[in-house]
Amino acid sequence: MRRIAFFPGSFDPITKGHEDIVRRALPMFDKIIVAVGVNSSKNEMFPLDQRQNWIEKTFSECPSVEVINYKGLTTEACIKHQAKFILRGLRNSNDYEYEKSIAMMNQAMEPNIETIYLNTHPEWAAISSTIVRDIIKNKGNAQPFLASGVQL
Ligand code: ADP
């Protein structure tokens with residue numbers, strides 16, 4: 001059986017924190033699907049194809065990473081892509097509480113899908129896409145916080 005992980009998020013844009021989670025998870029899974037959620041209620045800064053393109057560039061040398069987008073329930077998308085694991089990153093206790101509720105609901109809906117968490121590397125623990133977007137809006141230099149494939 002192939003171990004397939006689904007890494008969902010907005011990735012608006014993909015940061016060093018996201019990149020680190022995927023790279024550290026590479027040895028654990030046969031395939032990691034980085035899945036950009038299409039969320040109509042979120043006001044995104046970067047268009048979907050731009051966000052996907054940056055993720056593809058970031059992992060261009062990783063044959064086991066696939067980039068997709070999806071709408072609707074994460075668990076449904078996991079089933080469609082035969083992913084038995086949802087990968088998430090944890091920065092702090094707020095992330096933990098938030099992720100725990102989602103993971104419990106997902107487990108209630110799909111007991112065969114397990115959520116796996118990795119703690120963020122301390123170097124990237126303060127990075128969030130929200131803060132990065134703020135830096136970009138205010139014309140600051142966000143490049144040190146962005147994944148390797150992002151060229152603003
Ligand atoms: P969402 O729209 O679900 O909040 P994000 O794109 O912000 O999606 O994040 C996707 C995943 O990456 C989440 O599990 C989030 O906790 C994790 N993540 C975000 N920033 C970091 C970081 N700096 N270090 C580790 N994990 C992170």
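Just follow the structure's listing: the first ligand is 1, and inside any ligand the first atom is 1.
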Residue pairs fulfilling salt bridge (Lys or Arg N to Asp or Glu O under 4.0 Å) with at least one residue in residues 108-125, sequence neighbours excluded: none
Under a 4.0 Å N-O cut-off, is there an ion pair linking E19 with K57? no
Do E97 and K100 meet the salt-bridge criterion of a basic N to acidic O distance under 4.0 Å? yes
Pairwise distance CG(L146) to OG(S129) - rounded to 0.5 angstrom: 8.5 Å
For ligand 1, what are the residues with a heavy-atom contact below 4.0 Å? F7, P8, G9, S10, F11, G17, H18, I21, K42, R88, G89, R91, D95, E99, T120, W124, I127
Does any non-hydrogen side-chain atom of T15 lie less than 4.5 Å from one of W124? no
So does F46 get a backbone contact from the side chain of R51, meaning a donor-acceptor N/O pair under 3.5 Å? yes
